[in-house]
Every structure is written in structure tokens, then in C-alpha cells.
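Accompanying notes for the structure given below.
The figures that follow rest on heavy atoms only: side chains count, while hydrogens, waters and symmetry mates do not. We count residues from 1, following the sequence as given.
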Amino acid sequence: MDTKILWADDEIDLLKPHILFLKSKGYEVIPVVSGDDALDVLRKENIDIIFLDENMPGMSGIETMKRIKTINQNIPVVMITKSEEENIMEDAIGSNIADYLIKPVNPNQILLCLKKNIDNKKIISEKSTMAYQQAFRELAMKISDKLSLSEWESLYKELVYWELELEKIDDSGVADILINQKEEANTQFAKFISRNYISWLTGKCDEKPSLSHTVLKDKLFPLLSPDRPIFLFVIDNLRFDQWKTIEPMVHEFFRIEDESICYSILPTATHYARNALFSGLMPSVIAQKYPQLWLNENDEGSKNQYEQQLLGEYLKRYGKNVKYSFSKILNLDFGKKIFDNFHQFMNNPLNVLVFNFVDMLSHARTDVDVIRELADDEKSYRSITASWFENSILFEMLKYLAGKKAMVFITTDHGTIRIDNPLKIVADKTINSNLRYKVGKSTMDYPTKDVFEIKNPEDAFLPKENLTSRYIFATKNDFFAYPNNYNHYVNYYRNTFQHGGISMEEMMTPFIRLMPK
């Protein structure tokens, strides 16, 4: 079906060459000479786009534009004018036009405008598909190669880029190819971690990343100053792709001065990664140095209830004797109370705010059918995160800080991965409940070829609860399932977002430094 253009101009006869040109390109043009005529046509015809002369006798282009929007607010309107006066441009733009052209216009300008406003989705789809197909081979070669740490970070960023680009188009075939490519990348990433993780912790390597327990020391502590407040926002479970989804909203108010990839320690779970983040210590060291601030897997109580105390000790150890605040925001009402007193935080060199929404979303998606439908796949999971952020008290806080001289950091403790493939495990009743990692005795039975094993927890600075304790980690999109009631268990947890194991999504976390514009 031809695109139908409504063109209103009191000098429409002079535009016949343009109209003939557009007809030769397959467009249907309905010419009218006034705003009133344009409104009459719009009430009777299905119009795809309107070209509107700004300076017509009788009803002006701006007035016609306003009336058009009362009939169909979604139709794109292109304003055409002889005037370059700023106030006319502002009036037109303020009326939510699709484009603005200055007379005399040439046919190619009109054609470009149509492609931008009508054919853009088709063009973007074709170009994105072609570009990814060209990039696919290069990505495949990188994945099959033995990559360095920095190369893995670049590869993950590139895969996230294509994931976000391809979600804009309606081509499930290309999307499936990318999903398979990410799965292959995660297979190789698990091998990379198994070869290097222990060496990163012991320092027996040439190249190591900023990990949970070193990232604040590496990237934030050197910038602490009594002359300028720093705000650290820790969004539990925020993956790098989710950060890229909210980045445009943040970028409106802040310059992004650093966008780093850091690594969550194993297990990629709050109990371990976030306690390590705020203490600057690995879990077994916390348990030894501050036994009153550490709970083991089977201990009663919240496993991360002592984060504020651990952060205080961390600052003291590094000689950062600064005043700081620590707020854990679990609901909107408490977030509003914190925001009401935000001006007081400007006197603190350091302010830490933990937001648990994304973590709660991933858990709710497991347990609540409505949330499962809202966050049915990766695209919708990102979308609901962006929707929350746009309407959140966190975004209100950021907009407030944009008007101040504060430095802002955004990070997380770990990410999540959508799980799909069950691995059978047999263990006694003392084993922990996490689907992506297990802590148990050597009597555990599991497919050893499919997991990353740490047989001696001390090698990875993990607490050892008994003589034969060991940790095992699911990789890729695997998860552990018990033989008892196996089918029900698998169907209940399959396609949910979980954390604790080894994947790019769980381990490679964003650490962002922002300065107000």
C-alpha cells in the first residue's frame, strides 16, 4: 500500500514538480490549499504524514497543527516555512512536529524527510540486520579465540550493543542467532574464568580486573575529598545491558566520565559479592576478621545486614576517616523520606544508597505470574527496569544531584542470567537453596564436566563450614535441580532470572562515574 501524504500549502500549484517526483517514487499525495481543507481530508482519509505550510492565509500552520493533534495525535507533521525566525521554529517544535524544513525545499529533502519519518523502521531493520550479519563472523572468530581480560570486556560490550540494536527490529531469526552466539560466548567465558579466577585472587597473574572487594579502593576511594560529596548508588542485580537501557535518561543530566566493567566475585550472590564490595575483603577474611559481622549459609538472619558496619571498617583501614551516610532503600516510602532530607547529605564526603528494586523484580518474576508476563524475556526485563528507573525516587535523586557539584557513581553487586537448562544434583538436606551455586559436602553428586568446582574453598577465600566443604557453580544458562519432584521443579524455575553462578551477565558488572553537566 502506497504511503499517503497530505500536503497543505496555499501555493500548492507551484509544488507540482515535487508532487510528481513523489508519485514517481511510489507515494500518493493529496494536495490542499488551506488548513481547513487539510482538516476536512484528515477526518475522511487515513493519512500517513502531513506536510504543512506555516504561513497560510486564514488558519496558520501552527493553529492547523494544534487542531490536527486533536484529531490524530500520532500522525507525523512536517512544518514547512519561509521564515528562519527563532520564535516560529520554537512554536513549531513546541507543537510536537516530526520535522522542520525551510523553503525553498528540493525533492531530495522531501524524500529524505519521508524516509526518516515513515520508512525509518524498515530501513533501520534492514541496515541493522545486514550490519549484524557482517559483525557475526568477526564475533564468532573472537569467541573462538583465547581472549585476554580486556578483550572479553570489549566482546561483552559488543554483544550487548547488538542485543539492544536488534531488539528494535522485528526479526526473530536474527535475534535467535544472537542468542546462540551469546550462549557460545558464555561457554568460552566459563572456561576463561576456570583458568584465571583463582590467579586473580592470589595475584599470580599479569592481568586482573577490579573485583567486588577491590573496586571501591581502585576507583572511588582515591577521589574522596572533604570539599565535594560523592554519591554511590548500588542497584542490586543491575546488569550491564540494563545500565545501557537507562543510560540515555542519565546522560540527559550527567557526563559519563568512566564506564568500566568490573567483576563480581564468586558466588555472584548478594551474601558474598555485596559484603565483599562494602568491606574490601573476601568472604573468608570477613568471617575471620569480623566474625560478628558474617553469617554462614545455614545461619539464621539476613546475610547482608552488616554492610554499613563493614563499610565503616573499610574506610578506617584505608585512612579515609570521613563522615558518610548509608541508606538501604527497599520501598518507595522510605526512599521518599531519604530524599526529603537529601540536602543534609551534601555535607558528607561519601553517601551510599542501596536500591533493591531490580533484585526484587528478578525474585518476583520467579514467584508472581503477572511479573512473569511483564518480564517474559530479556527485552521486557530491560524494559521494565527502564520503566521503573524513569519513575523512581532514584532518578529524582539523580536529577537533584545534577544541579549540584556532587560526583556520582552507579554500580551493582552482581547481575543475573535467564536460566534454561537443568543439571541434576543429589545432596543432603544441609545444602543451600541457590539454583546457580551449591555449598555442600564432598558426597554431593553432580555432572562434574558441566560445573566449575572449587574443592578447597580456602583457595577462593570462601568460608569452609566443615572439613569436606566444596563449592560448585553452574555456568552458561544451567541451573541445579533435585531428582525429587524433578519435572515440577524444572518447569517452575526454567526461564527465570537467577544469580550465583558464572556468566558474563552475572560477573561482568557496570561501574559508572558521572559528573553533572
With a 4.5 Å limit on heavy-atom distance, are the side chains of [X] and [Y] in contact?
| X | Y | answer |
| --- | --- | --- |
| L238 | T411 | no |
| L52 | V78 | no |
| R513 | L220 | no |
| M504 | V160 | no |
| I179 | K182 | no |
| Y263 | S212 | no |
| L514 | E257 | no |
| L232 | L353 | no |

Do D48 and K4 pass the salt bridge (Lys or Arg N to Asp or Glu O under 4.0 Å) test, and can you show the C-alpha distance, the side-chain angles, and the key distance before you say yes or no?
CA-CA 5 Å; D48 296 299; K4 193 175 287 188; over 6 Å; no
For the residue pair [X] and [Y], what are the closest heavy atoms and their distance?
| X | Y | answer |
| --- | --- | --- |
| D99 | C113 | OD2-SG, 3.5 Å |
| V29 | K23 | O-CE, 4.4 Å |
| A98 | N117 | CB-OD1, 3.4 Å |

Salt-bridge criterion met for [X] and [Y] (N-O under 4.0 Å):
| X | Y | answer |
| --- | --- | --- |
| E307 | K328 | yes |
| D377 | R418 | no |
| K157 | E153 | no |
| E252 | K517 | no |

Assess the residue pair T509 and H414 against the criterion (side-chain hydrogen bond (donor to acceptor under 3.5 Å, both in side chains)); give the C-alpha distance rounded to whole Å, side-chain angles, the decisive distance to 0.1 Å, and a yes or no.
CA-CA 6 Å; T509 60; H414 55 78; over 6 Å; no
Using atom types as modelled and distance alone, determine if a side-chain donor or acceptor of [X] lies under 3.5 Å from a backbone N or O of [Y].
| X | Y | answer |
| --- | --- | --- |
| T385 | Y381 | yes |
| S60 | E63 | yes |
| Q242 | R239 | yes |
| R436 | Q498 | no |
| T187 | E183 | yes |
| S210 | V215 | no |
| D9 | L15 | no |
| S260 | C262 | no |
| Q188 | S144 | no |
| T81 | I102 | no |

Are [Y] and [X] an aromatic pair, judged by ring center distance below 6.0 Å?
| X | Y | result |
| --- | --- | --- |
| F409 | F511 | yes |
| F345 | F342 | yes |
| F326 | F278 | yes |

For a side-chain contact (heavy atoms from CB on, under 4.5 Å) check, start with the C-alpha distance between D13 and K16, then their side-chain angles and the critical distance, and finish with the verdict.
CA-CA 6 Å; D13 288 342; K16 281 185 179 178; 4.2 Å; yes
For the residue pair S325 and N351, confirm or rule out a side-chain donor-acceptor distance under 3.5 Å.
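Result is yes, a qualifying pair exists.
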Under the side-chain hydrogen bond (donor to acceptor under 3.5 Å, both in side chains) criterion, do D36 and S34 qualify, and how do the steps go?
CA-CA 5 Å; D36 286 318; S34 70; 5.1 Å; no
Derivation and outcome, side-chain contact (heavy atoms from CB on, under 4.5 Å), residues M56 and T64:
CA-CA 10 Å; M56 292 185 290; T64 305; 4.2 Å; yes
Pair R382, E167 - check salt bridge (Lys or Arg N to Asp or Glu O under 4.0 Å), show working.
CA-CA 11 Å; R382 285 189 290 269; E167 78 175 17; 2.7 Å; yes
Separation of [Y] [atom2] from [X] [atom1] (nearest 0.5 Å):
| X | Y | atom1 | atom2 | answer |
| --- | --- | --- | --- | --- |
| E505 | I417 | CD | CD1 | 4.0 Å |
| I235 | D413 | CD1 | CG | 10.5 Å |
| D176 | L166 | CG | CG | 11.0 Å |
| L139 | E184 | CG | CD | 12.0 Å |
| I62 | N55 | CD1 | CG | 10.5 Å |
| F389 | I384 | CZ | CD1 | 15.5 Å |

List the steps and the verdict of salt bridge (Lys or Arg N to Asp or Glu O under 4.0 Å) for K142 and E158.
CA-CA 11 Å; K142 288 179 181 178; E158 193 171 353; 3.0 Å; yes
Could you walk me through whether K476 and D420 pass salt bridge (Lys or Arg N to Asp or Glu O under 4.0 Å), step by step?
CA-CA 9 Å; K476 302 167 291 188; D420 181 63; over 6 Å; no
Describe, in one word, how the ring planes of [X] and [Y] are oriented to each other, choosing from parallel (under 30°), tilted (30 to 60°) and perpendicular (over 60°).
| X | Y | result |
| --- | --- | --- |
| Y132 | F136 | perpendicular |
| F240 | Y156 | tilted |
| F339 | Y400 | perpendicular |
| W7 | H18 | perpendicular |

Does the pair F355 and M397 meet the rule for a side-chain contact (heavy atoms from CB on, under 4.5 Å), with working shown?
CA-CA 12 Å; F355 281 80; M397 291 175 177; 3.9 Å; yes
Is the count of non-hydrogen atoms from other residues, nucleotides or ligands lying under 6.0 Å from N46 atom CG greater than 12?
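It does not: N46 CG has 12 such atoms or fewer within range.
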Does E207 have more than 12 heavy atoms from other residues, nucleotides or ligands lying within 6.0 Å of its CD?
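It does: E207 CD has more than 12 such atoms within range.
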Test side-chain hydrogen bond (donor to acceptor under 3.5 Å, both in side chains) on N421 and D478 and set out the steps.
CA-CA 5 Å; N421 183 52; D478 297 343; 2.9 Å; yes
Determine whether S154 and E151 satisfy the following criterion, side-chain hydrogen bond (donor to acceptor under 3.5 Å, both in side chains), listing intermediate values before the conclusion.
CA-CA 5 Å; S154 296; E151 288 170 336; over 6 Å; no
Start with the C-alpha distance between I329 and V354, add both sets of side-chain angles, then the distance that settles side-chain contact (heavy atoms from CB on, under 4.5 Å), and finish with yes or no.
CA-CA 6 Å; I329 298 170; V354 178; over 6 Å; no
